[in-house]
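Reviewing the structure listed below.
In what follows, every heavy atom counts, from backbone to side chain, and hydrogens, waters and symmetry copies are set aside. Note on naming: letters A, B, ... go to the chains in the order of the sequence lines (proteins, then strands), and numbering restarts at 1 for each one.
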Amino acid sequence: MSNKSNAKAKRATLTGIAVGIVIAFVICLSLGKYHIPVWQVAKIILSKALPLNLEVTWTEQMASIILDIRLPRLIGAFLVGGALSLSGATYQGLFKNPLVSPDLLGVSSGACVGASIAILLNRTSLEIQLAALVMGLLAVFLTTTIPKFFKNNSNLMLVLAGIIVSGFMTAIQGIIKYVADPESQLASIVYWTMGSLASLKMRDILLVGPVMLIVALILILIRWRINLLSLGDSEAKSLGVNVPRSRGLAIVCATILTACSVCLCGTIGWVGLIMPHLGRLLVGEDNRYLMPASALLGALFMIIVDTVARNLTGSEVPLSIVTGLLGAPLFLWLLARQKARIN
Amino acid sequence: MSLVVKNLACGYGDRVVISNINLVVEAGEIVCILGPNGVGKTTFFKTIQGFLSPKDGEVLLDGEAIRAWDKKRLARALAYVPQTHSPPFPYKVRDVVVMGRTAHLNMFSVPGKEDYRLGEEIMEKLGIAHLVNKIYSQISGGERQMVLIARALVQQPKLLMMDEPTSNLDFGNQVKVLQQIINLSRENIGIIMTTHFPDHAFLCSTKVALFERDNRFTYGTAEEVVTEESLKAAYSVNVKMTEVENRHGVKLKICTPMLD
């Protein structure tokens, strides 16, 4: 029936995006100041990934650029883009609002404070990442604790608490910037808050990546519950949903995803907001398809964004600048497509 | 199946809105709840659904207090049909209907073929099979009400709670919904519904509970409870009762408000 063909079409769309990611991945690995042909890239990757005895047609230098520099960055871009978009789609479903982004509850502003403090104290990059992760999670913990004081567990209360915590964190961030050494520290704080994958090492990915994949898998598994929660608390309850537990699990997972990506590459705007919209255009509102679609689209988008960021000019361009330059017009185009529906 | 409400008092926080409610809903019965706005009908419904804890008394389902039941178990026994509403995202009708399967699925599963088949079967029975692939937010109010009834039936409950199922509907759709409610009761589902139309009590109820201001509560057959006097007391309007004969020769009361 038409439902079956509909589901098939949606699955085909998801597969299409996944194939797109693989293609973009290989092409983006070959691009850069030192151009390496695509077939060479494919051979290097294959010889590493599979126990094949391929004839070595590449230099040590090529292998090193691909495996040690570009590959970690692209895997990072894949993880971060997917994570931000998946948590964006989750938040938009949970809060019944398509204009919500994953830092609604204060993750990003908290993480910025954590990272800035670590930079201020001249800590190592690993410590900066850890500080960002811890403060991001702490900020969301604060946000989710405030409604408990008022014994009010409505969504509105949670959103207001998020505004309070974000505002407070932004103020602290301001103080830190004010006292930071403008020659060195301030620059790296600003650079960090605009996002970059430039210094990402395989070590970081092996540390954070598995957590992100597991948490993302949990969110994908509970995606049907997000549909139910989008109906509102009392209706979800009367259908038999344990609302605090389901919503809590979704918020925790979405928050961990955002916090992990902030800790890998700093804060990046736009991705988590726009990719779910693009996903809606392709597969519709149903989170059973929308959440996987958003994750895949986000991953694809960030792979492209990061490649643009390192190729646009002689030096690195911060990621938020690229996501803004690409994202704002894309959002405008999406709004134009949806014009009839918004009114 | 039997739902027994014993000396129930309902309210928010420290405030008791209505107390001493006693009523019984057996399988196949329709209990209509009448009463003016703000008298506590919704509060009563929320208490039965477990959203508010009873201030006193208890609610028993087949002899067991449902107070301690988790949401999932409750939803398998008791389905709620809200007043027509619009969801924030434009889901398909078929997907809205299978949402009723939630109580039969675990946290990590999504509805499967069987669930969709059951949904289609029930939509067929309610005469709304043609809506299957429509967008829920784009269909009419009457159609939405039927979809919500289908969603509740997919829960396979023993008892159906309906909050003003005929409000916001045109005359034809009101009658269609009432007819469906009667059909469902014939399939041994217990139904408890609130309504603003005393006539509906005569048309389809087994029992009527009249909620009045100042905590007064009357319960019995429509004949006993819905009278010119009781309606005057509850709603402060003058009403005249007349009788018409239905197709089977049964006398049916209708009430007409008397204006100045």
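Sparse packing is recorded around CZ of A/Phe78, with 12 or fewer heavy atoms of other residues, nucleotides or ligands lying under 6.0 Å away. The local environment of NZ in B/Lys55 is crowded, with over 12 non-hydrogen atoms from other residues, nucleotides or ligands closer than 6.0 Å. The environment of CZ in A/Phe141 is sparse: at most 12 heavy-atom neighbours from other residues, nucleotides or ligands sit within 6.0 Å. The neighbour count for B/Glu124 CD, taken as heavy atoms of other residues, nucleotides or ligands under 6.0 Å away, does not exceed 12. Within 6.0 Å of atom NZ in A/Lys237, more than 12 heavy atoms from other residues, nucleotides or ligands are found, so the atom counts as buried in its surroundings. Within a 6.0 Å radius of NZ in A/Lys96, other residues, nucleotides and ligands contribute more than 12 heavy atoms. No more than 12 heavy-atom neighbours from other residues, nucleotides or ligands sit within 6.0 angstrom of CZ on A/Phe150.
Rounded to the nearest 0.5 angstrom, B/Thr102 OG1 and A/Asn242 CG are separated by 12.5 Å. A distance of 10.5 Å separates CZ of B/Arg101 from CH2 of A/Trp224, quoted to the nearest 0.5 Å. A distance of 8.5 Å separates CD in A/Glu285 from OG in B/Ser137, rounded to the nearest 0.5 Å.
Considering every non-hydrogen atom in both A/Ser230 and B/Tyr91, the closest pair reads OG-OH, 2.8 Å. When all heavy atoms of A/Ser238 and B/Ala75 are compared, the pair lying nearest together is O-CB, 3.8 Å. Here the closest heavy-atom approach between residue B/Gly100 and residue A/Leu239 is recorded as CA-CD2, 4.1 Å.
At a 4.5 Å heavy-atom cutoff, the contact between B/Val98 and chain A is made by backbone and side-chain atoms alike. Heavy atoms of A/Leu249 lying under 4.5 Å from chain B belong exclusively to its side chain.
Among the candidates B/Gln155, B/Met161, B/Arg151, the residue making the largest number of heavy-atom pairs closer than 4.5 Å to chain A is B/Arg151. Considering only heavy-atom pairs separated by less than 4.5 Å from chain B, the leading option among A/Ile218, A/Leu221, A/Asp233 is A/Leu221. Of the residues considered (A/Asn227, A/Ile220, A/Leu231, A/Val241), A/Asn227 shows the highest number of contacts with chain B, using heavy-atom pairs under 4.5 Å.
Residues B/Tyr80 and A/Ser234 have side chains that never bring a donor and an acceptor to within less than 3.5 angstrom of each other.
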Review point. How far apart are the C-alpha atoms of B/Lys71 and A/Val243, what are their side-chain angles, what is the distance that settles it, and do they pass the side chain to side chain contact (heavy atoms under 4.5 Å, CB included) test?
Key: CA-CA 9 Å; B/Lys71 291 279 171 296; A/Val243 172; over 6 Å; no

Practice item. Give the intermediate values and the outcome of side chain to side chain contact (heavy atoms under 4.5 Å, CB included) for residues B/Asp95 and A/Asp286. Key: CA-CA 8 Å; B/Asp95 294 320; A/Asp286 189 338; 3.7 Å; yes

